[in-house]
Colleague: 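Quick one: structure below, then a few questions.
When reading the values below, keep in mind they use all heavy atoms of this one structure, side chains included, and skip hydrogens, waters and symmetry mates. Since this is a predicted model, take the numbers as computed values, not measurements. As the structure lists them, so they are numbered: ligands from 1, and atoms in each ligand from 1. By convention here, the first residue in the shown sequence is residue 1.
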Amino acid sequence: MLLLYFSIATILDLAYADPPNGLCSNNSKYTDNSPFQNNLETLMSSLSSNASVSKIFNTSTGIDPDRVYAQYMCLNYVTNETCSACIAVASQDIRQLCPGYKEAVVWEELCQLRYSNQSFLGSLDVSGNIPQYNPMNISNPEDLSLVVNKTLSGLIKKAAFDPAANKYATEDGPFTNGDTFFSLVQCSTDLSPNDCYKCLEVAIQNVTTCCKSSRGARVFSRSCYLRYELYAFYNSTAESNQTLVTGKGNKSEIWIIIISTVASTLLVVAILGSFFYHLAMKTRKRKCKDSFYEIH
Ligand SMILES: *[C@@H]1O[C@H](CO)[C@@H](O)[C@H](O)[C@H]1NC(C)=O
Ligand SMILES: *[C@@H]1O[C@H](CO)[C@@H](O)[C@H](O)[C@H]1NC(C)=O
Ligand SMILES: *[C@@H]1O[C@H](CO)[C@@H](O)[C@H](O)[C@H]1NC(C)=O
Ligand SMILES: *[C@@H]1O[C@H](CO)[C@@H](O)[C@H](O)[C@H]1NC(C)=O
Ligand SMILES: *[C@@H]1O[C@H](CO)[C@@H](O)[C@H](O)[C@H]1NC(C)=O
Ligand SMILES: *[C@@H]1O[C@H](CO)[C@@H](O)[C@H](O)[C@H]1NC(C)=O
Ligand SMILES: *[C@@H]1O[C@H](CO)[C@@H](O)[C@H](O)[C@H]1NC(C)=O
Ligand SMILES: *[C@@H]1O[C@H](CO)[C@@H](O)[C@H](O)[C@H]1NC(C)=O
Ligand SMILES: *[C@@H]1O[C@H](CO)[C@@H](O)[C@H](O)[C@H]1NC(C)=O
Ligand SMILES: *[C@@H]1O[C@H](CO)[C@@H](O)[C@H](O)[C@H]1NC(C)=O
């Protein structure tokens with residue numbers, strides 16, 4: 001019985017991401033077999049091969065007014081193979097989610113892809129940002145808020161303004177109750193340092209308004225990405241140098257015993273809890289989904 005609930009909880013934890021998320025611009029449509037559509041098809045079918053060598057890529061094809069501009073971005077920590085596979089899926093999804101649209105964005109779990117009839121490189125657009133929370137609540141949201149605010153505000157400066165960071169930064173460190181806080185930010189490299197900073201600043205505002213009671217959250221935006229969790233969603237040993245976030249973690253053995261006892265109790269409560277708000281989530285998730293497709 002417990003195992004069953006645990007499986008349900010695990011599925012729910014994974015299900016909240018629920019990609020792909022699409023955003024279609026409502027200003028204009030192309031028609032079937034138009035030159036625009038041909039250019040779009042050509043471009044979309046070529047991108048996954050580019051993704052096997054580059055994590056971020058822009059291109060365009062055709063001549064005005066049927067020219068199509070496209071750009072994709074994979075999260076920096078994925079392998080080239082994963083990036084390529086992700087873009088292959090995204091280039092299908094974007095046409096299924098936004099059929100006939102001259103401008104669209106799709107966000108997958110590990111990559112994002114956009115196209116338009118006009119060039120968008122180097123211009124910041126934070127409209128239509130999609131914040132998403134981890135459905136697991138946290139018992140000490142105030143502690144997490146502090147860490148989120150403190151860690152992310154440093155991290156976005158690093159990503160935006162440190163040339164060595166190249167618009168990407170991660171940080172992990174101890175949180176309360178033996179948990180570890182993992183965070184990641186990334187901008188597409190065509191943004192200026194200032195615009196990268198602005199994009200991520202808005203993303204922080206979006207998570208702080210949407211997701212305070214959650215154990216984790218992320219923001220899908222056109223030119224940047226932000227995420228934090230209390231588990232290693234990226235390979236932290238590969239890229240990050242354990243940095244202290246806040247000083248509440250206690251490593252003494254007695255504490256570990258106490259914490260694991262409390263954690264086991266909480267786990268049982270959490271498992272039961274997650275089962276019940278599975279229902280609540282369904283409603284909330286649908287609400288969230290609808291807002292992506294508000295635009296027609
Ligand atoms: C998109 O649709 C919304 C309402 O659905 C409308 O308010 C807005 O003006 C439209 N934008 C464009 C560019 O057509
Ligand atoms: C990337 O895409 C361009 C077309 O935009 C193509 O000419 C080029 O060969 C591609 N590169 C790779 C490595 O696939
Ligand atoms: C993977 O992509 C990187 C650039 O992000 C490139 O330097 C590297 O050669 C690629 N690896 C393979 C196996 O293509
Ligand atoms: C893109 O399409 C919109 C709507 O049809 C149009 O107003 C705009 O001028 C187009 N942009 C370019 C560069 O063709
Ligand atoms: C999680 O937190 C939100 C906001 O405080 C609340 O509405 C929701 O009921 C909580 N869910 C559970 C299972 O505690
Ligand atoms: C984040 O911290 C700054 C000071 O470092 C403070 O001004 C701001 O209000 C905090 N924001 C939130 C959402 O707690
Ligand atoms: C667009 O892609 C080309 C490579 O195809 C690259 O040289 C250029 O820097 C990119 N432009 C921007 C603004 O990212
Ligand atoms: C994200 O934050 C910006 C700035 O506060 C706000 O204008 C925008 O509505 C927010 N978007 C979402 C989806 O919360
Ligand atoms: C994480 O990165 C380290 C160092 O690059 C590597 O040894 C390890 O296999 C990676 N783990 C995963 C799960 O990719
Ligand atoms: C972590 O950073 C410190 C100083 O910034 C450096 O001395 C150390 O070698 C780094 N460790 C790793 C594993 O990168």
Side-chain angles (χ1 to χ4, degrees), residues 5 8-9 12-13 16 21-31 34-37 39-40 60-70 98 100-105 107 114-121 123-145 148-149 152-153 156 195 197-226 230 266-285 287-296:
Y5 277 143
I8 292 169
L12 289 175
D13 201 15
Y16 84 95
N21 300 324
L23 187 65
C24 321
S25 182
N26 60 346
N27 58 8
S28 60
K29 293 243 190 175
Y30 61 81
T31 51
S34 61
F36 189 93
Q37 185 185 35
N39 291 334
L40 183 63
S60 71
T61 195
I63 46 167
D64 286 336
D66 300 309
R67 191 164 172 191
V68 183
Y69 298 82
C98 299
Y101 285 89
K102 279 194 176 176
E103 188 171 283
V105 197
W107 290 275
R114 59 193 290 210
Y115 69 79
S116 175
N117 71 326
Q118 36 203 3
S119 175
F120 49 77
L121 282 183
S123 60
L124 179 63
D125 180 357
V126 291
S127 67
N129 278 7
I130 301 173
Q132 245 173 9
Y133 49 86
N134 186 323
M136 308 268 284
N137 277 359
I138 188 160
S139 55
N140 50 344
E142 301 78 15
D143 291 343
L144 186 59
S145 284
V148 166
N149 191 354
L152 291 183
S153 54
I156 71 174
D195 281 347
Y197 186 76
K198 274 186 221 152
C199 194
L200 293 170
E201 210 178 20
V202 170
I204 291 180
Q205 280 161 20
N206 292 156
V207 282
T208 43
T209 35
C210 87
C211 313
K212 270 205 152 87
S213 56
S214 297
R215 289 177 69 81
R218 57 179 119 175
V219 177
F220 299 106
S221 183
R222 283 177 172 78
S223 306
C224 65
Y225 180 88
L226 175 154
L230 297 179
L266 285 177
L267 183 65
V268 174
V269 173
I271 287 163
L272 291 172
S274 71
F275 177 73
F276 286 112
Y277 74 78
H278 169 46
L279 300 167
M281 264 309 296
K282 270 196 153 168
T283 324
R284 229 170 135 186
K285 201 163 98 190
K287 219 190 268 166
C288 195
K289 272 260 163 203
D290 285 348
S291 68
F292 307 153
Y293 303 112
E294 220 161 64
I295 297 168
H296 288 294

Colleague: Any N or O on Q118 sitting closer than 3.5 Å to an N or O of ligand 4?
Modeller: yes
Colleague: Got the closest protein heavy atom to atom 12 (C) of ligand 8, with its distance?
Modeller: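 Going by distance alone, atom 12 (C) of ligand 8 is nearest to N206 ND2, 3.4 Å.
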Colleague: Please find the pair of heavy atoms, one from S153 and one from I204, that lie closest to each other, and give the distance.
Modeller: N-CD1, 4.1 Å
Colleague: So, is the end of the R222 side chain (NZ or CZ) under 6.0 Å from the ring centre of F120 and within 45° of the ring's axis?
Modeller: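 No, R222 does not sit over the ring of F120.
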Colleague: Ignoring hydrogens, tell whether any protein atom lies closer than 4.0 Å to atom 14 (O) of ligand 8; use the non-hydrogen atoms only.
Modeller: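 Yes, because at least one protein heavy atom sits under 4.0 Å from atom 14 (O) of ligand 8.
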Colleague: Would you kindly specify which portion of A203 sits under 4.0 Å from ligand 8, judged on non-hydrogen atoms: side chain, backbone, both or neither?
Modeller: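 It is neither; nothing of A203 touches ligand 8.
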Colleague: Assess the side chains of N39 and T61: does a donor N or O sit below 3.5 Å from an acceptor N or O?
Modeller: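 Side-chain D/A pair, N39 to T61: absent.
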Colleague: Using a 4.0 Å cutoff against the non-hydrogen atoms of N129, which atoms of ligand 8 qualify?
Modeller: 13 (C)
Colleague: Answer yes when K198 and D195 have at least one side-chain N-carboxylate O distance shorter than 4.0 Å, and no when they do not.
Modeller: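 Here K198 pairs with D195 in a salt bridge, since their nearest N and O are under 4.0 Å apart.
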Colleague: Between Q132 and N21, is there a side-chain heavy-atom distance shorter than 4.5 Å?
Modeller: yes
Colleague: For the residue pair N117 and F36, what are the closest heavy atoms and their distance?
Modeller: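 That would be CB-CE1, 3.5 Å.
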Colleague: Are there protein heavy-atom neighbours of atom 9 (O) of ligand 8 below 4.0 Å?
Modeller: no
Colleague: Short check: is a protein heavy atom less than 4.0 Å from atom 2 (O) of ligand 4?
Modeller: yes
Colleague: Of all the non-hydrogen atoms in the protein, which one sits nearest to atom 4 (C) of ligand 8, and at what distance?
Modeller: Q205 OE1, 3.1 Å
Colleague: Distance under 4.0 Å to a non-hydrogen atom of N137: what atoms of ligand 5 satisfy this?
Modeller: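 Listed by number with element: 1 (C), 2 (O), 3 (C), 8 (C), 10 (C), 11 (N), 12 (C), 14 (O).
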Colleague: What's the shortest distance from atom 6 (C) of ligand 4 to any protein heavy atom, and which residue and atom give it?
Modeller: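 Minimum-distance protein heavy atom for atom 6 (C) of ligand 4 reads N117 ND2, 4.2 Å.
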Colleague: Do side-chain atoms of S214 reach the backbone of N134 as a donor and acceptor pair under 3.5 angstrom?
Modeller: yes
